[in-house]
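The next block holds one structure in the form of structure tokens; read it before the comments.
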Amino acid sequence: QVQLSESGGGSVQAGGSLRLSCTASGPTVNTMGWFRQAPGKEREGVAAQLLEKQTYDAKAYYADSVKGRFTISRDAARNTMNLQMIELATEDTSVYYCASKNYLLWGPLGHRSYEYWGPGTQVTVAS
């Protein structure tokens with residue numbers, strides 16, 4: 001089965017950068033994405049990328065709140081995914097999760113679309 005594990009979280013000052021990584025074991029799946037959830041808030045889709053076109057195009061998808069600041073990338077051969085985050089702000093503070101699913105029935109940034117989840121990594125942005 002698919003297992004996911006995140007790394008790269010930590011504490012940074014506002015305006016700083018951080019790079020998250022997700023390592024997947026098991027079969028490669030088409031869709032992988034990053035989500036975040038802060039205390040008292042709903043789980044939010046941050047970025048996702050499909051390897052091949054299915055219902056959705058094989059491209060990167062971003063939440064409006066992170067466009068221009070976050071960049072998702074995948075290495076299908078190594079079954080890994082990264083999230084490069086720049087210009088971090090305090091509102092980016094959250095636990096970040098790696099998620100995947102082979103075929104999406106709903107949108108790529110909707111958390112209910114995904115089947116497999118990592119345990120999460122904490123990102124804290126201080127002012």
Side-chain angles (χ1 to χ4, degrees):
Q1 67 173 28
V2 174
Q3 292 186 324
L4 306 174
S5 180
E6 307 93 343
S7 63
S11 298
V12 297
Q13 293 292 313
S17 301
L18 208 59
R19 184 178 178 88
L20 305 182
S21 297
C22 174
T23 299
S25 63
T28 301
V29 297
N30 192 43
T31 306
M32 294 185 71
W34 290 98
F35 293 78
R36 63 187 183 187
Q37 188 167 21
K41 299 182 68 175
E42 293 290 317
R43 197 178 308 169
E44 175 188 17
V46 175
Q49 188 167 41
L50 281 69
L51 296 177
E52 298 180 349
K53 183 179 180 180
Q54 295 174 334
T55 302
Y56 295 90
D57 290 340
K59 56 178 281 187
Y61 297 83
Y62 295 96
D64 289 341
S65 59
V66 306
K67 286 181 179 178
R69 299 190 298 120
F70 291 10
T71 302
I72 189 172
S73 61
R74 294 184 63 180
D75 186 334
R78 295 179 175 82
N79 208 3
T80 59
M81 176 178 67
N82 297 306
L83 184 69
Q84 180 65 55
M85 306 182 293
I86 65 171
E87 300 175 3
L88 285 163
T90 55
E91 51 263 41
D92 296 315
T93 295
S94 190
V95 176
Y96 284 71
Y97 298 91
C98 173
S100 70
K101 189 176 177 65
N102 198 40
Y103 190 90
L104 296 177
L105 299 178
W106 294 276
L109 296 179
H111 66 88
R112 294 178 179 86
S113 298
Y114 290 79
E115 181 176 2
Y116 307 106
W117 294 86
T121 185
Q122 176 71 46
V123 171
T124 302
V125 184
S127 61

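Between S5 and P119 the shortest heavy-atom distance is CA-CD, 4.3 Å. Shortest non-hydrogen contact noted between P108 and A48 is O-CB, 3.4 Å. Taking both residues in full, the closest heavy atoms of Q122 and S94 are given as NE2-O, 3.4 Å, listed atom of the first, atom of the second, then distance. Minimum interatomic distance between G8 and L18 (heavy atoms only, all atoms of both residues): O-CG, 3.5 Å. Closest heavy-atom contact between A14 and S127: CB-CA, 4.4 Å. Closest approach of V12 and S17 over heavy atoms only: CG1-O, 3.8 Å.
In this structure, CG on N102 lies 9.5 Å from OG1 on T28, to the nearest 0.5 angstrom. Taking CE of M81 as the start and CG of L51 as the end, the distance is 10.5 Å to the nearest 0.5 Å. In this structure, OG1 in T23 is found 9.5 Å from CD in E6, a value given to the nearest 0.5 Å. With values rounded to the nearest 0.5 angstrom, Y56 atom OH is found 13.0 Å from N30 atom CG. The distance from the CZ atom of R112 to the CG atom of L105 is 14.0 Å, given to the nearest 0.5 Å. Atom CD of residue Q1 and atom OG of residue S25 lie 8.0 Å apart, to the nearest 0.5 angstrom.
A 4.5 Å side-chain heavy-atom check between M32 and L4 finds at least one atom pair inside the cut-off. Within the 4.5 Å cutoff, no side-chain heavy atoms of S65 are placed close to those of E91. Between C98 and W34, the closest side-chain pair of non-hydrogen atoms falls below 4.5 Å.
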* Apply the test side-chain contact (heavy atoms from CB on, under 4.5 Å) to residues R36 and V66: give CA-CA distance (whole Å), side-chain angles for both, the deciding distance (0.1 Å), then the verdict. => CA-CA 12 Å; R36 63 187 183 187; V66 306; 4.1 Å; yes
* So E52 and Q54, side-chain contact (heavy atoms from CB on, under 4.5 Å) or not? Walk me through it. -> CA-CA 6 Å; E52 298 180 349; Q54 295 174 334; 5.5 Å; no
* To do: Step by step, work out the side-chain contact (heavy atoms from CB on, under 4.5 Å) result for R69 and D92.
  => CA-CA 11 Å; R69 299 190 298 120; D92 296 315; 2.7 Å; yes
* To do: Determine, stepwise, if the pair R43 / Y114 fulfils side-chain contact (heavy atoms from CB on, under 4.5 Å).
  => CA-CA 12 Å; R43 197 178 308 169; Y114 290 79; over 6 Å; no
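Two different hydrophobic clusters hold L88 and Y97 under the rule that ILVMFWY side chains link at heavy-atom gaps under 4.5 Å. L109 and I72 end up in different hydrophobic clusters when Ile, Leu, Val, Met, Phe, Trp and Tyr side chains are linked at under 4.5 Å. Hydrophobic clustering (side-chain heavy atoms under 4.5 Å, transitive across Ile, Leu, Val, Met, Phe, Trp, Tyr) keeps V125 apart from F35. No continuous path of hydrophobic side-chain contacts links M85 to Y61 [ILVMFWY only; heavy atoms under 4.5 Å]. Under the 4.5 Å side-chain heavy-atom criterion for grouping Ile, Leu, Val, Met, Phe, Trp and Tyr, Y116 is connected to L83 within one hydrophobic cluster.
Checking side-chain atoms of T121 against main-chain N and O of S7 turns up no donor-acceptor pair under 3.5 Å.
In the model, Y103 has a side-chain atom that pairs as donor or acceptor with a side-chain atom of T55 under 3.5 Å.
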